[in-house]
**Student:** 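Sharing a structure with you now.
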Amino acid sequence: MKLPVNSELTASRLLVKETQCPYCSVQCKMTVEALAEPVKGEHRGEYSVQGVPNEASQGRLCVKGMNAHQHALSGQRLLHPLIRRNGELETCSWEEAIQYIVKQFQSMKDDYGADTIGVYGGGSLTNETAYLLGKFARVAIGTKYIDYNGRFCMSAAASAGSKVFGMDRGLTFRLSDIPKASCIILAGTNIAECQPTLLPYFNQAKENGAFIIVIDPRRTATAAMADLHLQVKPGMDALLANMMLKVIMDAGLVDPHFIEDRTHGYEQLTYVLADLQLEQAAAACGVDLAQVRQAAMAYGKADTGMIMTARGVEQQTDGHLAVRHFLNLVLATGKIGKPGCGYGAITGQGNGQGGREHGQKADQLPGYRSIENEADRAYVASVWGVDPASLPGKGVSAYEMMERVHNQDIRALLVMGSNPVVSNPNVRLVEEALRKLDFLVVADMFLSETARLADLVLPVTAYLENEGTLTNLEGRVLLREQGRPSPGETLNDWDVLCRIAAELGKGTYFQYDCAEDIFNELRVASRGGIADYYGITYERLRNEKGVYWPCPAPGEQGEGLLFSERFAHPDGKAVFTAELSPGWNEVSPEFPLILTNGRVLPHYLTGVQTHRSAALAARELENFVELHPATAARNRVLDGEWVEIQSVYGSFTVRARVKAYIREDTLFVPMHWGGVQNVNRATRPELDPYCRMPGFKTVAVTIHPLRLVR
Ligand SMILES: Nc1nc2c(c(=O)[nH]1)N[C@H]1C(S)=C(S)[C@@H](COP(=O)(O)OP(=O)(O)OC[C@H]3O[C@@H](n4cnc5c(=O)[nH]c(N)nc54)[C@H](O)[C@@H]3O)O[C@H]1N2
Ligand SMILES: Nc1nc2c(c(=O)[nH]1)N[C@H]1C(S)=C(S)[C@@H](COP(=O)(O)OP(=O)(O)OC[C@H]3O[C@@H](n4cnc5c(=O)[nH]c(N)nc54)[C@H](O)[C@@H]3O)O[C@H]1N2
Ligand code: SF4
Ligand SMILES: [Mo]
């Protein structure tokens, strides 16, 4: 493969300016200063990264943020479009690249219809790009097939919040309220490794006397700070939450006034839970009943309390219901809408919150509007200046899009801000699918595993180079300004979309000179919607350092603490959930172990960025499986040796790390490596029926050592 030498990159100066970390949802602010410019062939340059005080992380940075500039400045950045000729990717001009896309899209439309073109976005994109990607799919291409990687991330919690509260915003409270909580339940969330700069809020709560409960099959760094660790069997959180609620009900610790005044559906829930057998349930969840009682009583008795969930609870085929069962606990005890109380879905990606609000989801229009609602369609069409009837209908979820690619309903795909061939479940099918495409175009900063399969790769700007807004896990909209010039021929994602749209003859709908122009249109498109950004302007973001949504008017502050008076449903009430879930239990004699997966501190998602940062890559060079010593002994696995892990869907190879920190029936593998080390070679394709979240966190497997027999 012939790739250009990235000399332009080293030549462009790095400015000393405030930026925001490109990784997780906290969105820590920082400055990046070049102390010594890199000299080609001599040294890589020296940089100083300093945290900048901000409302979320108060100036703290974790190791990923400290070293994020390394990937952006890496010599592996793509600086020119790459086109596949005779099987090889070669440099080409932007003009040729755009012409090629337009020719492909146009002939696809003419021959098979617009719905044979798919668009696949991501939660790292700015609000402006995410918004424009939704508009691009519907207006420039006219396809219903658009979805994004947030389907794998936020869909269970988001759909549960919408159903129960009438609104999905990650945290219903301010981060600064965490120290006011006297009991905190952290279920399937490893904050110590995944949002490390938030940890001091929890330490502060502990100092104030809070009782912290962690629900996780592993003794994580987060569990290490807990007063009580419920080492639940993967896939059983819904039942565990119900057990806790039953204990609270039986002890008379519910809040009858709150239930009466502010909710619906409690009575039905009491009937359903009346039959719950606690001993049996504890055995099914693999936890000690006395500990569950202790946890329930601690939360039930506390004056103030918070519950937070993340992907451990949510990336399940019953993730939507599991979250709703935790929300039952919140509502029954009235612990929401006041300081020190509330629910938090710990959002994942940098713009995991904003990315799910403005239309890159299959069923969504900007401002959290629905593509199936006539009034919503008419409003957004009026903002876009198109006929409402011209807007396509609802498409399908991310993994289902891959299935449509596999059966060739979708024949061309644009990927912007994701590496789906590593991050989807059951990636064997996904790789097969992508290879079948007539045309795959990928916009990325690097030649990711997915970009390697593409017919055309478009080089885009990194966090230091592109301006835009991102909405952090609290629902606070933040402006990330441009910190350095775009290297090489890289373009901003939104600019790429505008150029393609213009060549497709839709330029009149995509007239923007800068990200702010797009934001100003987004403000209007979101106006009156649930995620209302109308009152937020770049000027305000510069002056106020961030504004919470909903913010319907320029004079308004935005709400940090939600639901103090009413919920977001039209009648102002929240809804209890009486539908139970049996949980997941599909191990068999043939596949006796549960494989779960997740994250480690130094790497981010599929590792495309963090593997290209020397300081981060050095911390974890390769993938591993964490397994209990007893499990290792039973399977004749030695610490440090290579093992193969196999499910009915496929197998992968990693190094064994034997530790008593995990349940005996469970294996844990990080998700940050592709190829033969990719855990998603073995994950299963089943989806949650409510939100289409894949059941990433549970699959039945075997493990065996890869040892030469002498
Ligand atoms: N270092 C780092 N930080 C990140 C990311 C990253 O890649 N690296 N990614 C960001 C993104 S996009 C996201 S979505 C978040 C994810 O943040 P988290 O959801 O906190 O991360 P995970 O490690 O996927 O899962 C959390 C925990 O769930 C546990 N778990 C597994 N199965 C179950 C189960 O059935 N029940 C329960 N209760 N727990 C279970 C795992 O052992 C793990 O400790 O992190 C964000 N921050
Ligand atoms: N087994 C298992 N699988 C999982 C998960 C799990 O817990 N377990 N978690 C799931 C979750 S929560 C998530 S969020 C997904 C994420 O998985 P992916 O969607 O694959 O996310 P990334 O690995 O961040 O890939 C993003 C790609 O976009 C590029 N990129 C970054 N910023 C930009 C930008 O601004 N513009 C453009 N054009 N490109 C950019 C990066 O270089 C990278 O190649 O993985 C999911 N997959
Ligand atoms: S990865 Fe998250 S916690 Fe770490 S510096 Fe970046 S935004 Fe902050
Ligand atoms: Mo995520």
**Student:** Return yes if a side-chain donor-acceptor contact under 3.5 Å exists between Thr347 and Arg356, otherwise no.
**Tutor:** yes
**Student:** Strictly by modelled atom types, are Ser162 and Asp168 linked by a side-chain donor-acceptor pair under 3.5 Å?
**Tutor:** no
**Student:** Going through the distances and angles, do Arg692 and Tyr399 end up as a side chain to side chain contact (heavy atoms under 4.5 Å, CB included)?
**Tutor:** CA-CA 8 Å; Arg692 319 311 280 164; Tyr399 180 75; over 6 Å; no
**Student:** Tell me, with the steps shown, if Ser155 and Tyr690 meet side-chain hydrogen bond (donor to acceptor under 3.5 Å, both in side chains).
**Tutor:** CA-CA 9 Å; Ser155 62; Tyr690 290 94; over 6 Å; no
**Student:** With no hydrogens and no angle check, is any side-chain donor or acceptor of Asp688 less than 3.5 Å from a backbone partner on His320?
**Tutor:** yes
**Student:** Mind checking whether Thr702 and Pro592 have side chains closer than 4.5 Å, heavy atoms only?
**Tutor:** yes
**Student:** Mind checking whether Leu429 and Tyr649 have side chains closer than 4.5 Å, heavy atoms only?
**Tutor:** no
**Student:** Not counting sequence neighbours, which residues clear salt bridge (Lys or Arg N to Asp or Glu O under 4.0 Å) with Arg169? List them please.
**Tutor:** none
**Student:** Would you say the side chain of Met249 lies within less than 4.5 Å of the side chain of Leu245, judging by non-hydrogen atoms?
**Tutor:** yes
**Student:** I want to check something: taking the side chain as every heavy atom from C-beta on, are Ile307 and Lys335 in contact at a cut-off of under 4.5 Å?
**Tutor:** no
**Student:** Please check if the side chain of Thr197 supplies one atom and the backbone of Cys62 the other of a donor-acceptor pair under 3.5 Å.
**Tutor:** no
**Student:** Kindly say whether Leu228 contributes a backbone atom to a donor-acceptor pair with the side chain of Gln291 at under 3.5 angstrom?
**Tutor:** no
**Student:** SG/Cys21 to CD/Gln27 distance, rounded to the nearest 0.5 angstrom?
**Tutor:** 6.5 Å
**Student:** Is there a side-chain hydrogen bond (donor to acceptor under 3.5 Å, both in side chains) between Gln70 and Ser613? Walk through the geometry before answering.
**Tutor:** CA-CA 5 Å; Gln70 291 185 355; Ser613 158; 2.9 Å; yes
**Student:** Rounded at 0.5 Å granularity, tell me how far CD in Glu449 sits from CG in Leu434.
**Tutor:** 12.0 Å
**Student:** Between Arg435 and Glu431, does a salt bridge (Lys or Arg N to Asp or Glu O under 4.0 Å) hold up when you go through it step by step?
**Tutor:** CA-CA 6 Å; Arg435 288 186 189 280; Glu431 183 166 345; 2.7 Å; yes
**Student:** Around atom NZ of Lys163, are there more than 12 heavy atoms of other residues, nucleotides or ligands at under 6.0 Å?
**Tutor:** no
**Student:** Which value, rounded to the nearest 0.5 Å, describes the distance between Leu198 atom CG and Ile178 atom CD1?
**Tutor:** 6.5 Å
**Student:** Using atom types as modelled and distance alone, determine if a side-chain donor or acceptor of Gln360 lies under 3.5 Å from a backbone N or O of Gly122.
**Tutor:** yes
**Student:** According to side chain to side chain contact (heavy atoms under 4.5 Å, CB included), who are the partners of Glu620, at least two apart in sequence or on a separate chain?
**Tutor:** Val600, Pro602, His603, Phe624, Arg657, Trp673
**Student:** Establish, yes or no, whether the cationic atom of Arg60 lies under 6.0 Å from the six-membered ring centre of Tyr201 and within 45° of the ring axis.
**Tutor:** yes
**Student:** Just how far is it from atom OG1 of Thr631 to atom CZ of Arg634, taken to the nearest 0.5 Å?
**Tutor:** 5.0 Å
**Student:** So Pro217 and Phe668, do their side chains get closer than 4.5 Å, heavy atoms only?
**Tutor:** no
**Student:** Look at the aromatic rings of Tyr23 and Tyr604 and report parallel, tilted or perpendicular, splitting at 30° and 60°.
**Tutor:** tilted
**Student:** Taking side chain as C-beta onward, heavy atoms only, is Ile185 less than 4.5 Å from Met306?
**Tutor:** no
**Student:** Can you check ring pair (Phe, Tyr, Trp, His ring centres under 6.0 Å) on Phe696 and Phe152, steps first, answer last?
**Tutor:** CA-CA 8 Å; Phe696 280 117; Phe152 301 152; 5.4 Å; yes
**Student:** Are more than 12 heavy atoms from other residues, nucleotides or ligands located less than 6.0 Å from atom OH of Tyr661?
**Tutor:** no
**Student:** Say whether, by atom type as modelled, one donor and one acceptor occur between the side chain of Lys697 and the main chain of Asn597 under 3.5 angstrom.
**Tutor:** yes
**Student:** For Val701, does its backbone N or O pair with a side-chain atom of Ser647 as donor and acceptor, under 3.5 Å?
**Tutor:** no
**Student:** Treating Arg151 as the side-chain partner and Cys691 as the backbone partner, does any N or O pair qualify as donor plus acceptor under 3.5 Å?
**Tutor:** yes
**Student:** Does the Asn351 side chain pair with the main chain of Thr471, one donor and one acceptor, at a distance under 3.5 Å?
**Tutor:** yes
**Student:** Between CG of Asn472 and CG of Leu171, what distance do you get to the nearest 0.5 Å?
**Tutor:** 8.0 Å
**Student:** Hey, what do you get for CD (Glu314) to OG1 (Thr189), rounding to the nearest 0.5 Å?
**Tutor:** 8.5 Å
**Student:** Under a 3.5 Å distance rule, please check whether Asn419 uses its side chain to pair with a backbone N or O of Thr450 as donor and acceptor.
**Tutor:** yes
**Student:** Report yes or no: does Asn328 contribute a side-chain atom to a donor-acceptor pair with the main-chain N or O of Thr577 at less than 3.5 Å?
**Tutor:** yes
